[in-house]
There are 2 protein chains.
Amino acid sequence: MKLSWGDYISIAIHQTDLTLTSYIKNKLAPFNLAPEQNLILMLLWERDGLAQNDIAEKLDKDKTNIARMVLNLEKKGFIKRTISQYDRRSLIVKLTQEGKALGDKIIPLTEEFNQLVTKGITEKEIEELGRILTKMRMNVQ
Amino acid sequence: MKLSWGDYISIAIHQTDLTLTSYIKNKLAPFNLAPEQNLILMLLWERDGLAQNDIAEKLDKDKTNIARMVLNLEKKGFIKRTISQYDRRSLIVKLTQEGKALGDKIIPLTEEFNQLVTKGITEKEIEELGRILTKMRMNVQ
DNA sequence: GCATTAAAGTTGCTATAACAACCATTGTGT
DNA sequence: ACACAATGGTTGTTATAGCAACTTTAATGC
């Protein structure tokens with residue numbers, strides 16, 4: 001059976017991701033923050049002082065991207081990088097005062113976003129969704 | 001209640017999309033084809049002779065991206081652009097012989113991919129997933 | 001302890017993705 | 001018919017995303 005364009009679930013996932021990312025991008029723009037930069041800060045707001053490499057692993061991204069995003073965050077004054085005293089290859093990423101303060105504004109905003117996205121969808125459905133998405137990732141790894 | 005990093009369903013969707021896209025990217029690489037370029041060709045294999053603008057609407061993407069992707073597809077020899085005889089602003093995108101032939105190789109490959117992604121997931125779950133993803137898109141539009 | 005590997009970052013490249021500003025062409029209103 | 005608005009594409013800019021190749025530093029093997 002030949003599938004037509006709309007039958008691929010991966011395409012639906014892709015399009016949904018684009019729509020959601022585009023929305024949050026606009027919400028974050030006034031704070032001079034891009035979506036992926038925000039993900040990095042979210043990690044740091046939970047636990048400050050991660051190495052670039054830690055961030056790359058947690059976000060499951062190439063280290064080159066992390067390096068460039070962190071560089072941008074440093075240019076914007078939200079974080080500061082210092083060489084680790086335990087391993088001089090490693091760069092430790094720490095929030096500045098400005099970066100810490102930003103969290104108080106951004107975290108409520110992301111929770112509002114989450115509320116909006118999941119409006120009319122039950123807890124159970126969200127859990128189910130998460131379970132299926134995880135299974136799909138496992139399937140291709 | 002403060003949400004922690006893993007609690008955002010939008011992040012799970014984003015990461016899943018990245019994983020799936022990365023997988024199919026590698027599968028398509030031997031054919032000199034990038035994932036989004038493939039989406040455009042999939043549209044054309046279903047219905048040849050679309051205008052760039054039609055493609056942008058169907059893929060729900062900015063017209064600038066489509067212009068550049070189509071330009072790349074033309075450089076690769078898979079499509080040819082001609083000015084519409086009905087509207088001289090409009091560019092009609094048509095498959096070349098090479099582009100048509102490519103479909104015979106790529107379509108089975110994408111169906112295999114779809115099989116792999118949905119392995120161990122029921123038809124009903126996929127439908128449910130599609131329904132929820134659509135709802136999420138509606139929620140932010 | 002010295003050569004070989006491995007690991008952490010950086011630089012360069014290609015491919016999305018979307019916005020702003022722009023050009024050419026077409027449609028509309030009066 | 002002519003001014004103005006709308007539409008289809010292009011160019012420029014910023015931000016992901018990942019691969020290859022490279023530098024620096026650390027760990028490992030004998």
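Computed from heavy atoms alone, side chains included, the values below leave out hydrogens, waters and symmetry copies. The structure displayed is predicted, hence computed values, not measured ones. Within every chain, numbering begins at 1; the chains are lettered A, B, ... in the order of the sequence lines, protein sequences first and strands thereafter.
The shortest distance between the side-chain N/O atoms of B/His14 and the OP1/OP2 oxygens of D/dA17 is below 4.0 Å. Contact annotation: B/Arg89 side-chain N/O to D/dG9 OP1/OP2 distance is not under 4.0 Å. Considering only side-chain N and O atoms, B/Arg88 lies nowhere under 4.0 angstrom from the phosphate OP1 or OP2 of C/dG27.
Note on B/Asp54 versus B/Arg47: no salt bridge recorded, every NZ/NE/NH1/NH2 to OD/OE distance being 4.0 Å or above. Here B/Glu127 does not pair with B/Lys124 in a salt bridge; the nearest charged N to carboxylate O distance is not below 4.0 Å. Ion pairing between A/Lys61 and A/Glu36 holds under the 4.0 Å rule for side-chain N and carboxylate O.
Each of A/Ser22 and A/Leu71 was assigned the nucleotide of DNA chain C with the nearest heavy atom; the assignment lying further toward the 5' end belongs to A/Leu71. Between A/Met69 and B/Asp54, the residue anchored nearer the 5' end of DNA chain D, judged by the nucleotide with its closest heavy atom, is B/Asp54. Residues A/Lys63 and B/Arg68 both approach DNA chain D. Their nearest nucleotides, taken by heavy-atom distance, put B/Arg68 toward the 5′ side. Comparing B/Asp87 and B/Lys76 against DNA chain C, the residue whose closest nucleotide sits nearer the 5' end is B/Lys76.
The number of heavy-atom neighbours closer than 6.0 Å to CD of B/Gln115, taken from other residues, nucleotides and ligands shown, is 12 or below.
Between B/Asp48 and B/Lys100, the closest side-chain pair of non-hydrogen atoms falls below 4.5 Å. Using a 4.5 Å cut-off on side-chain heavy atoms (C-beta onward), B/Tyr23 and B/Leu116 make contact.
Each of D/dC19, C/dA17, C/dA20 was ranked by its minimum atom distance to the side chain of B/Thr64; first place goes to C/dA20. You'll find that the side chain of A/Ala67 is closest to C/dT10, out of C/dT10, D/dT11, C/dA17. Here the side chain of A/Asn26 is nearest to one of C/dA17, D/dA15, C/dC19, namely C/dC19.
Using a 4.0 Å heavy-atom cutoff across all strands shown, B/Asn65 reaches at least one base atom of the nucleic acid. In this structure, B/Ser90 reaches the sugar-phosphate backbone alone: every heavy-atom distance under 4.0 Å involves primed, P, OP1 or OP2 atoms, never a base. No contact: B/Ile66 has no heavy atom under 4.0 Å from any strand. Base contact: B/Asp62 has a heavy atom under 4.0 Å from a base atom.
Residue B/Lys61 contributes atom NZ, which lies 16 Å from atom P of C/dA15 at whole-angstrom precision. In this entry the distance linking CG of B/Leu91 with P of C/dC23 reads 18 Å, nearest Å. One interatomic measurement links the two molecules: CG of A/Asn53 to P of C/dG9, which rounds to 5 Å at whole-angstrom precision. When the C1' atom of D/dT10 is taken as reference, atom NZ of B/Lys75 falls 13 Å away, rounded to whole Å. One interatomic measurement links the two molecules: CG of B/Asp60 to P of C/dC19, which rounds to 11 Å at whole-angstrom precision. Rounded to an integer number of Å, the gap from B/Leu28 CG to C/dT16 C1' is 14 Å. Spacing between atom CD1 of A/Ile40 and atom P of D/dA15 amounts to 13 Å, rounded to whole angstrom units. Distance CG (A/Asn72) to C1' (D/dT14): 9 Å, rounded to an integer number of Å.
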